[in-house]
Structure formats: structure tokens, C-alpha cells
Asker: 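Mind having a look at this structure? Questions to follow.
Just the heavy atoms: all of them, side chains too, but no hydrogens, waters or symmetry mates, feed the values below. We count ligands from 1, going down the list as the structure has it; atoms in each ligand are counted the same way.
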Amino acid sequence: MKKSVRIAAMALAGIMSISLFAGCGANNSSGSSASNSSTATSSPAKDKKIKIGLSLPTQQEERWVRDKATMEEAAKKAGVEIAVQVANMDAAKQDSQVENLISQGIDVLILAPHDAKAAASTVDKAHKAGIKVIAYDRLVMGTDVDVYLSFDNVKVGELQGKWLTEHLDKGNIVWLAGSPTDNNATLFKQGAAKYLQPKIDSGDYKVVMEQPVVDWKPDNALKLMENALTANNNNVQGVLAPNDGTAGGCIQALAAQGLAGKVPITGQDSELSAAKRIVEGTQGMTVFKDTRKLGEAAIDAAIKMAKGEDPGADQKVNNEKMDVPSILLAAEAVDKTNIDKILIDSGYLKKEDVYSK
Ligand code: GAL
């Protein structure tokens, strides 16, 4: 630690003399050079390079690969350090990885929990070490969280439910939810229920299976869908799949019965494979959540928090302990009618990739 403080002090002295003689040098207009150079009183420890810890639950879905890459890139651009750990869907592993990040001297922790409840004690450890925590994409339940940064996840579920009700009037449905350890799964289901429940209550929909998909695993979704088809002699007319990975599993089971493309099915995440299925007609919809924006917003908020500034979280989401200051980004439904506009024109996916066989 002492050594790094000394190095930081030397670096600061360098920055100060550069900015004194050359004005504000590089294109880094984030204000850091101003605050570094303006105060004779600022301590070297305070001005050391900001270090962010990032703890991710998985790289199973394409989106988490993007989140990681975006945050690494954004940190690099902002000139801050980032240390990344991936927990491979193991809460105990995530906890010990975070302990490791804490011991590396991070200033802020960005945590996307594998297990919303188990992660409470992980957050408490960071707080005990004086480290502020951003719950990234997924909320941590039952403890104090500094900022929650995500999408409007109830809205995501609403988009899925709305699409299904617009594409299936009556019939037997399979209603799958995300992993029980993920608070997002609860929110998505809540949103979808706003549309599905009235159809169930009126008797238009009969739910022939209602199950969570443990760990969001496509293989688990495949098995559940196979069971639902077998138990109902393939008499299934619609599927609420909570994300693209699980939709992929369900579609595999439908395809084995010659039903792919005949049964409306939802998704979420705008994965390339899902976009391709939408184009070929085997998946009905997905939801676009721009993880590029989320990742950039996380790094921005983390830097502000490290500097003691307000990250601008102007919404509130309750986590059974408190109303957590939140920043929630918008999500959009994507189907074959708007896929080019939303996913390709935005640069999220490449046209040649989506339309290649
Ligand atoms: C959710 C996330 C989704 C989805 C899922 C599986 O928490 O919001 O985008 O991919 O996890 O990782």
C-alpha cells in the first residue's frame, strides 16, 4: 500500500507539472486534471488512481460477455483501473472473489450477484472495508446498497407478456421464469403477469407448466419444455421464455416435435442467436437492453462515487431493507417488424451476422 501511495504521489506530481506547463493535456476532460491541479491541499492518497472492482455472476449469456468488455473499455478510456472476477454461478465463489477484490484495495465495487440474498453478506464485507457498492443489473436483497443500476425489469417482463398476448389469443401455455436466486426473475415475472394473469383468469390461457429455470441454464429449459410437451401430447400453443438462452432450449425441444416456428415464444437479451431465430421465424421476440449503455453508466457512477460525487440515482427500488437509489435504463421489444431498426441500426448487432445462415 505504502509503495502504491508513493507511486501515486509521484504520478500526481507529474500530472501537476504537465498541466501547469501545458494546460489540460490529453482529451480527458473528466475534470480530474482540474481537481488534481487546483488544490495544494489534496492528499496523495486521495488522488491515487481510482480502482474499481467488478464481480460478475457468469459469462454464460452473450450479454455478460458484452457487459465485461464494455466496462473494461470504459474504465480504460476514463483512465481508471479495473479488476474483474467471474463467479461462474457460484455464490460462495463470488463471495471469496469479492474478498479478494477488497484486499486489492478497490475504491468501489460493481457487483452483479449470482444470488440476490446470499450476496447481502458480501456487500456488508465491502461496506465494512469502506467500499461503496453498485448492484449491477441485479439487485442485492436485504441489506444496504449504495446504488442499483439496471434496466426497468418489470417493464421487460411486461414487454414479454404483452407480445405473447398479442400473438396468442387462446391456448395452453408454458410459463417459465428465470433463476430463483435472481431478483430480476421475480421482476420479469411480475411484469409478464400483468398481461398473462387476466388471460388466465378469463380462461383463455391454461398454464400447463409454470416453473423457474435454475441458473437460467438453456439445458434446464430444454428439459422442462420436453416434459411439458410429453405430458400434454404436444398440445402447447405458447411459451413465455424469460430470456434468449432459455428460449433457445425450449425451441430445441419444440423443433424435435416439428413445432418450432408454430408456437409463439418470447425471449430477452438480443443475443445474436436469438436475432437469427427471429429472422428465421422460430423465436417470436426478444428484448433489447443496451448493455453498452449500462456498462458505461456503471463505470461513470463508480468514478463519481470514488470521488465522493453524486452518481445521480434519482429513482428508488425497494430491496426488503431499504429504498435503494437507482438508475434504470429503458428496454425495447424486438420482433421481426423492427429488428433491423433496433438491433442493426443501433450497431448492437451486425446485419451480415444476423442474416447469415
Ligand atoms: C438476468 C439478466 C438477463 C439474463 C439473465 C441470465 O439477471 O437481467 O439479461 O441474461 O440474468 O444471465
Side-chain angles (χ1 to χ4, degrees), residues 54-71 86-91 93-94 110-119 134-141 145 148-160 176-192 211-222 224 240-250 265-275 277 283 285-295 297-298 317 319 324 326-334 343 348-349:
L54 170 62
S55 170
L56 292 171
T58 179
Q59 294 282 277
Q60 175 179 257
E61 286 82 15
E62 201 174 286
R63 66 146 295 177
W64 293 111
V65 177
R66 281 178 181 267
D67 292 71
K68 180 171 173 285
T70 302
M71 284 189 266
V86 178
N88 292 328
M89 296 184 281
D90 178 338
K93 186 170 184 176
Q94 186 160 43
I110 300 174
L111 171 67
H114 166 66
D115 184 318
K117 288 185 181 137
I134 298 173
Y136 182 83
D137 192 69
R138 301 172 173 177
L139 190 51
V140 177
M141 303 302 284
V145 172
Y148 171 44
L149 178 62
S150 187
F151 296 90
D152 182 340
N153 294 308
V154 174
K155 182 75 196 289
V156 170
E158 286 175 17
L159 295 173
Q160 294 173 325
L176 300 183
S179 194
T181 57
D182 181 353
N183 183 60
N184 283 352
T186 311
L187 303 179
F188 299 146
K189 190 163 183 186
Q190 235 174 58
Q211 289 287 337
V213 180
V214 172
D215 284 347
W216 295 93
K217 284 206 165 99
D219 260 5
N220 292 339
L222 166 71
L224 289 168
L240 192 297
N243 74 346
D244 289 339
T246 53
C250 293
I265 175 165
T266 60
Q268 170 199 183
D269 284 341
S270 294
E271 291 190 352
L272 175 60
S273 53
R277 289 192 296 261
Q283 181 171 328
M285 64 90 73
T286 185
V287 178
F288 178 42
K289 304 188 303 186
D290 197 336
T291 53
R292 298 169 303 187
K293 286 191 185 154
L294 192 71
V317 177
N319 74 344
V324 182
S326 302
I327 302 171
L328 302 181
L329 309 186
E332 282 174 288
V334 178
L343 295 185
Y348 201 69
L349 296 177

Asker: Looking only at side-chain N and O atoms, does Asn243 offer a donor or acceptor that is under 3.5 Å from a partner on Thr246?
Answerer: yes
Asker: When you measure from atom 8 (O) of ligand 1 to every protein heavy atom, which one gives the shortest distance, and what is it?
Answerer: Asp137 OD2, 2.8 Å
Asker: Mark up the atoms of ligand 1 that fall under 4.0 Å of a heavy atom belonging to Asn243, in ascending order.
Answerer: 4 (C), 5 (C), 6 (C), 10 (O)
Asker: Run the numbers for me: atoms of ligand 1, each under 4.0 Å from some heavy atom of Glu61, listed by number.
Answerer: 6 (C), 10 (O), 12 (O)
Asker: Considering non-hydrogen atoms of the protein only, which is the closest contact for atom 11 (O) of ligand 1, and what is the distance?
Answerer: Arg138 NH2, 2.9 Å
Asker: Between the side chains of Asp137 and Asn184, does any donor sit under 3.5 Å from an acceptor?
Answerer: yes
Asker: For atom 1 (C) of ligand 1, which protein heavy atom lies nearest, and how many Å away is it?
Answerer: Asp182 OD2, 3.2 Å
Asker: Have a look at ligand 1 and work out which part of Trp64, if any, has a heavy atom under 4.0 Å from it: side chain, backbone, both or neither.
Answerer: side chain
Asker: List the closest protein heavy-atom neighbour of atom 5 (C) of ligand 1: residue, atom name, distance to the nearest 0.1 Å.
Answerer: Trp216 CE2, 3.4 Å
Asker: Heavy atoms only, cut-off 4.0 Å: how does Gln60 contact ligand 1, side chain, backbone, both, or neither?
Answerer: neither
Asker: I'd like to know if the side chain of Asp182 pairs up with that of Trp216 as donor and acceptor (distance under 3.5 Å, no hydrogens or angles considered).
Answerer: yes
Asker: For Arg63, counting its heavy atoms only, list the atoms of ligand 1 lying under 4.0 Å from any of them.
Answerer: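 That gives atoms 2 (C), 3 (C), 8 (O), 9 (O), 10 (O) of ligand 1.
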Asker: Could you state the interatomic distance from CD (Glu61) to CD (Glu271), rounded to the nearest 0.5 Å?
Answerer: 6.5 Å
Asker: Would you compute the distance between atom CG of Leu111 and atom NE2 of His114 and round it to the nearest 0.5 angstrom?
Answerer: 12.0 Å
Asker: Is Asp269 in polar range of ligand 1, meaning some N or O pair under 3.5 Å apart?
Answerer: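 N/O-N/O distance below 3.5 Å exists for this pair.
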Asker: Is a side-chain donor-acceptor pair under 3.5 Å present for Asn319 with Tyr148?
Answerer: no
Asker: Relative to the heavy atoms of Lys289, which atoms of ligand 1 are at a distance of less than 4.0 Å?
Answerer: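 Every atom of ligand 1 under 4.0 Å from some heavy atom of Lys289: 2 (C), 3 (C), 8 (O), 9 (O).
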Asker: Let me see the working for Asp152 and Glu158 under side chain to side chain contact (heavy atoms under 4.5 Å, CB included), right down to the final yes or no.
Answerer: CA-CA 10 Å; Asp152 182 340; Glu158 286 175 17; over 6 Å; no
Asker: What atoms of ligand 1 come closer than 4.0 angstrom to any heavy atom of Asn184?
Answerer: 1 (C), 2 (C), 7 (O), 8 (O)
Asker: Taking only heavy atoms of Phe188, which atoms of ligand 1 are found under 4.0 Å from at least one of them?
Answerer: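 Result: 8 (O).
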Asker: Quick check: does Asn153 get an N/O under 3.5 Å from an N/O on ligand 1?
Answerer: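 Between Asn153 and ligand 1 (N or O atoms, distance only) the closest approach is not under 3.5 Å.
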Asker: Please check if the number of heavy atoms outside Lys155 that lie under 6.0 Å from its NZ is greater than 12.
Answerer: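 Not buried by this count: 12 neighbours or fewer within 6.0 Å.
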